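Before any comments, here is the structure.
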There are 2 protein chains.
Amino acid sequence: MPVFLNSSDADFETRFRDFLGSKRESDVDVDAAVADILNDVQTRGDAAVIELTAKFDRLTLTPETLAFSAAEIDTAIATVPADEAAALELAAKRIRAYHEKQLPDDAWWTDETGAKLGWRWGAVEAAGLYVPGGLASYPSSVLMNAIPAQVAGVDNLVICAPTPDGKVNPLVLLAARLSGVETVYRIGGAQAIAAMAFGTETIAKVDTITGPGNAFVAAAKRRVYGRVGIDMIAGPSEILVIADKNNNPDWIAIDLLSQAEHDASAQSILITDDADFGVAVAEAVELRLETLERRDIARPSWADYGAVITVADLDQAAALSDRIAPEHLELCVADAENYAKKIRHAGAIFIGAWTPEAIGDYVGGPNHVLPTARSARFASGLSVLDFMKRTTLSMMTPAALSAIGPAAKTLATSESLEAHGLSVGARLDQLNEARDG
Amino acid sequence: MPVFLNSSDADFETRFRDFLGSKRESDVDVDAAVADILNDVQTRGDAAVIELTAKFDRLTLTPETLAFSAAEIDTAIATVPADEAAALELAAKRIRAYHEKQLPDDAWWTDETGAKLGWRWGAVEAAGLYVPGGLASYPSSVLMNAIPAQVAGVDNLVICAPTPDGKVNPLVLLAARLSGVETVYRIGGAQAIAAMAFGTETIAKVDTITGPGNAFVAAAKRRVYGRVGIDMIAGPSEILVIADKNNNPDWIAIDLLSQAEHDASAQSILITDDADFGVAVAEAVELRLETLERRDIARPSWADYGAVITVADLDQAAALSDRIAPEHLELCVADAENYAKKIRHAGAIFIGAWTPEAIGDYVGGPNHVLPTARSARFASGLSVLDFMKRTTLSMMTPAALSAIGPAAKTLATSESLEAHGLSVGARLDQLNEARDG
C-alpha cells in the first residue's frame, strides 16, 4: 500500500516530513572495495581490468578484445529491426536538435576603463560514457549521454558497457554509432571508471566521465571526481504527478508505474486536489499491476515508496512539489503552461496531460539524465555544458591599469601578499615615470 | 633551483612528462577523521560544532555566539581604513558587473511537430560560502564567492569563516556586507562543512557549498557532494607565463612570485622562446627573493616546483601550455589578443604585459576561484551558474504526440519497459479512436 496523505489532516506536516526524509538508498558500503579496484587498475592497467571483468562479468577478454571491433558492431547493428532503428534515429535527431540550442555563447567586451573582458567556452578533449549492463542497459541512455558530448565538440568519445556473459544489446551499439562513438569497451563497474580516469595500456585516459551506474560505479565516480570531471552521483529516481480530477485515472496510473517499473527503490507520487480522484488513480494502479510485465519490480516500489497526497488547492501542490524537488514532474492540470511557472525545483517538467514522462525518456528532446533524490534543489540534468569548460579572459590597457591597479595594490597589501602588489605596482611605476618624465 | 627545460634537448619529452606528473599535494589521509566529524555534527548538531571549534580554534562559543552579531560586524567594519574600504568597493562593483553578464537565458520554442520545448534557469535557495581562516583569510575570496551567488539570486547566503583564537579580519566582514551576506558563522574545518550540509539547531541546511579550504575541508566537501552541490575540490594552484624577450624580466619575475608566495606547494612556470630571457627572469626572481616578505613560502615553491622552459617558437609554447592546463595563464607576447586563440585549456587568461595575474585576483572582474592542478582540462572557474540549476520543459500537443509517440512506444517495448510504452500508447489509442470514430 502506498502512503495516503491529506493536507487537511492535523498530523500532515509531520507525516509529510517523515515521507520526505525516508531513505530509499541501501546503506551497503562498497567504498573500500572500490578503493582497492581503483588502485589495482591504476597500478596494473589492462591486466587488472581483464581479471576483474572475468571475475564480475564471467567474460574472458584480451587487450585486443577489450573493445568491440568495427566488424562486430556492424554485425550486431544488422540484427536491429527496421522499426527500432528508425525510432532510435528519430530520437537521436530530436535529442541533437534540443541540445544544439544549449551551446553557450562566448563574450568579449570593453568596459568603461578600456579593459577588455570576457570568456570563451571550449569542449573537453576526451569523454567517457558509462552505460550500465543487464537490466538497465538502455540504448536511449547512450543517446542521452553521447549526443550532448558530440554537440559540445568533444574530440574523443568512448563508451564502457559491461556485457555480462558476453551478452550485448545491439541497439546499444547502434545508439553509439548514431552518436558518433566508434569505441565501445565491453567492461563495467568500478574497473571501467578506473580505466577511463587513469588510462591503461589500451584505454586512453579521458577528461570527463558521465553516465549512471550501480553503487560500485557511483562510489568510483565520487573517488575520481577532481581528477576527471563527472556529471553527478545518481540515486534512486522519482516521478511526481500533479493532477486535477479532469484526468483519466488510468493514464495517471500508468505514468506513475512508468517510474515504478524501473527499480524497486524508485518513487512515484501523485498530488491531487481531489481525494476521490486520488483513490481512483490508486485503484487504476492496482488494476494495471495485475498484468504489468514488470509487476515484480513496480509493485514493491509503489507499495514501499508510492504516495497519494490530497491537497486543498493546486497552489499547495506546487509548494509541496518544491519541497520534494522531483526528478520528473508531470503537470496534468488546467492551463498547465502557466501553472508550470509556480514550480521552482524540478529536474524536468512535463506540461499537460498529452506529455507523459515517457516521451522525455526517448524522443522529446530534453535529456533524461536528471538530478535524483531531491538534488534538483541545486543540480541540473545532463547538458552540453557538462562536456565544456569556460576560460575567463581579461586584457588591461595602460589606462585601465592606471584606473584600477591602485585598488588592487591596496588590497594586496592589506592581504599581506607583497608580490601581488609589486606585480601591479612595478607597472604603475613605469606609467607614472612615463607621465612625469 | 627551479627546473630548466629546453625543448631542443633530446630528453625533453621525458623530462616534461616527469614534470607534468610530479605531485604537489601531500598524501595525508584525513578522510577517516573527516567521516567522524561529519557523523558527529549530523548526530549532535550545535554541541558538536561548538566542541570541535573549542578544540581546533581554541574558541569557546555558544549557540547564540556561533554567528557574529550585526553590532560586532558594525564595530569591526568601522576599523577598516578608508582606502581599503574604497578598494574593496571598487572590486565588488567590478566583480558584480562581470558576473551579471553570466546570467543565462531561458528558452521556450515550438518545434516542427508543434511540441513546445525549452528550459528555465533558477537560483538555489540557500548557499554556504567557506572562507578559510589564518594565512588564507582573504576578503577578496569572500567577494569572489558571494557576489556570483548574490547575482544568481540566491535567497539565503551564509559564510563560515573560522576565527582561530577569536581573531577575525575586519575586511572579511566588510566584504561579506558588500556582497549582501548578513550571517557569518565563526566556525571552520570539516565541522563547518557538515553544519552547512546537514544543518544544526542554529545553522540552517544549505543547498550548495563553495569556497576553498585545507585538506579537511576538501575531504568534507567530497563526502557531502550529492547531498549538496559543491563548486570543486581545490588543489595547489599554479601560474604559467608565456613571455617573449620583449618583456621586463623583473615584471615577469614578480608575476611568477605572486603565485609562489601563496603556498609552498604553488607552482610558477615560465615558457619563453628565448633562453637568455629565461635566465634573466630566473636571476630577477632570485634578486626579488632576497627581500620578499613571504620569501620563506615563495622560495621553496620556486625551488621545488618552479620551471623555466625554453621552446623553439611560441606555437610550441601554446601546445605545452595546453598540456599543463594552467589555472592562471599570462600571455606576454606580441599581439597577445590573437595569440590567446591558440590556447584551449586554461582557467583564466591574462592577455598582454599590462595584465598581471594579480589584477584578476582583485579588481579585474572575472572570478579568481579557478580550476587547479590541471583540471582546467574539464572544469571552469566559479560562476553564477554554480548557484543556479536548469529545469527542462516539454509540452506535447495531440498532434506532436501522434508524430513522435509511436517511436517512443517502439523504444519502450525494445527496452522491455511496458508501462513506459503504455503511458504513450493509451494516449495514442484515444487519439486514434477520436480520429476513426
Side-chain angles (χ1 to χ4, degrees), chain A residues 83-84 87 90 98 117 122 124 138 140 207-208 226 229 233 251 254-255 257-258 261 293 344 346 348-352 354-356 358-360 362-366 377-381 389-396 398 401 404 407-408 410-411 414-415 417-420 422-424 426, chain B residues 83-84 87 90 98 117 122 124 138 140 207-208 226 229 233 251 254-255 257-258 261 292-293 344 346 348-352 354-356 358-360 362-366 377-381 389-396 398 401 404 407-408 410-411 414-415 418-420 422-424 426:
Chain A
D83 63 330
E84 294 183 20
L90 176 70
Y98 182 91
L117 299 170
V124 304
Y138 297 137
S140 55
D207 299 305
T208 292
I233 310 280
W251 291 13
I254 313 169
D255 297 351
L257 288 171
S258 75
E261 74 176 346
E293 286 165 12
R344 179 162 177 182
I349 304 182
F350 304 89
I351 302 173
W354 293 104
T355 318
I359 275 289
Y362 297 111
V363 297
R377 288 180 296 111
F378 56 83
S380 308
K389 69 270 186 347
R390 185 187 49 239
T391 298
T392 61
L393 307 170
S394 43
M395 181 171 166
M396 298 294 127
L401 195 70
I404 67 173
T410 298
L411 291 172
S414 163
E415 291 186 353
L417 293 173
E418 186 194 13
H420 284 63
L422 286 170
S423 77
V424 175
Chain B
D83 64 329
E84 295 182 19
L90 177 70
Y98 182 92
L117 300 170
V124 303
Y138 297 137
S140 55
D207 300 304
T208 292
I233 310 280
W251 290 14
I254 313 169
D255 295 352
L257 288 171
S258 74
E261 75 175 347
L292 195 72
E293 286 165 13
R344 179 163 176 181
I349 304 182
F350 304 89
I351 301 173
W354 292 104
T355 318
I359 275 291
Y362 298 111
V363 295
R377 287 180 297 110
F378 56 83
S380 308
K389 69 273 185 348
R390 186 187 49 240
T391 298
T392 61
L393 308 171
S394 43
M395 180 171 168
M396 298 295 125
L401 196 72
I404 66 174
T410 298
L411 291 172
S414 163
E415 291 186 353
E418 186 194 11
H420 284 64
L422 286 171
S423 77
V424 176

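Throughout, protein chains are lettered first and strands after them, A, B, ... in sequence-line order, and every chain is numbered starting at 1. Just so it is clear, the structure is predicted and the values come from calculations on it, not from any experiment.
Summarising the geometry of B:Tyr362 relative to A:Ala408, their closest heavy-atom pair is CD1-O, 3.8 Å, with the distance given to 0.1 Å. Closest approach of B:Ala358 to A:Val424, counting heavy atoms only: CB-CG2, 4.0 Å. Residues B:Trp354 and A:Met396 share a closest heavy-atom pair of O-CB, 3.1 Å. Of all heavy-atom pairs between B:Arg377 and A:Lys389, the closest is O-CE, 3.2 Å.
Ranked by heavy-atom pairs under 4.5 Å with chain B, the list A:Gly360, A:Gly365, A:Gly364, A:Gly122 is led by A:Gly364. With respect to chain A, the highest number of heavy-atom pairs below 4.5 Å among B:Ala407, B:Ser414, B:Ser380 belongs to B:Ser380. Taking B:His420, B:Arg344, B:Met395 one by one and counting their heavy-atom pairs under 4.5 Å with chain A, the maximum is reached by B:His420. Chosen from A:Leu393, A:Thr410, A:Ile359, A:Ile349, the residue pairing most often with chain B at heavy-atom distances under 4.5 Å is A:Ile349. Your options are B:Ile233, B:Ile404, B:Val124, B:Leu401, and the one with the most heavy-atom pairs under 4.5 Å with chain A is B:Ile404. If you tally non-hydrogen atom pairs under 4.5 Å between each of A:Gly226, A:Ala87, A:Gly352, A:Ala379 and chain B, the highest count goes to A:Ala87.
The backbone N or O of A:Phe350 sits nowhere less than 3.5 Å from a side-chain atom of B:Ser394 that would complete a donor-acceptor pair. A donor-acceptor contact shorter than 3.5 Å links the side chain of A:Glu261 to the backbone of B:Ala419. Of the possible polar contacts, none joining the B:Ser423 side chain to the A:Ile254 backbone as a donor-acceptor pair under 3.5 Å is found.
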message = Between B:Leu257 and A:Leu422, is the side-chain contact (heavy atoms from CB on, under 4.5 Å) condition met? List the steps.
response = CA-CA 10 Å; B:Leu257 288 171; A:Leu422 286 170; over 6 Å; no

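Both the backbone and the side chain of A:Ala426 come within contact range of chain B, each with at least one heavy atom under 4.5 Å from a heavy atom of that chain.
Using a 4.5 Å cut-off on side-chain heavy atoms (C-beta onward), A:Pro366 and B:Leu117 make contact.
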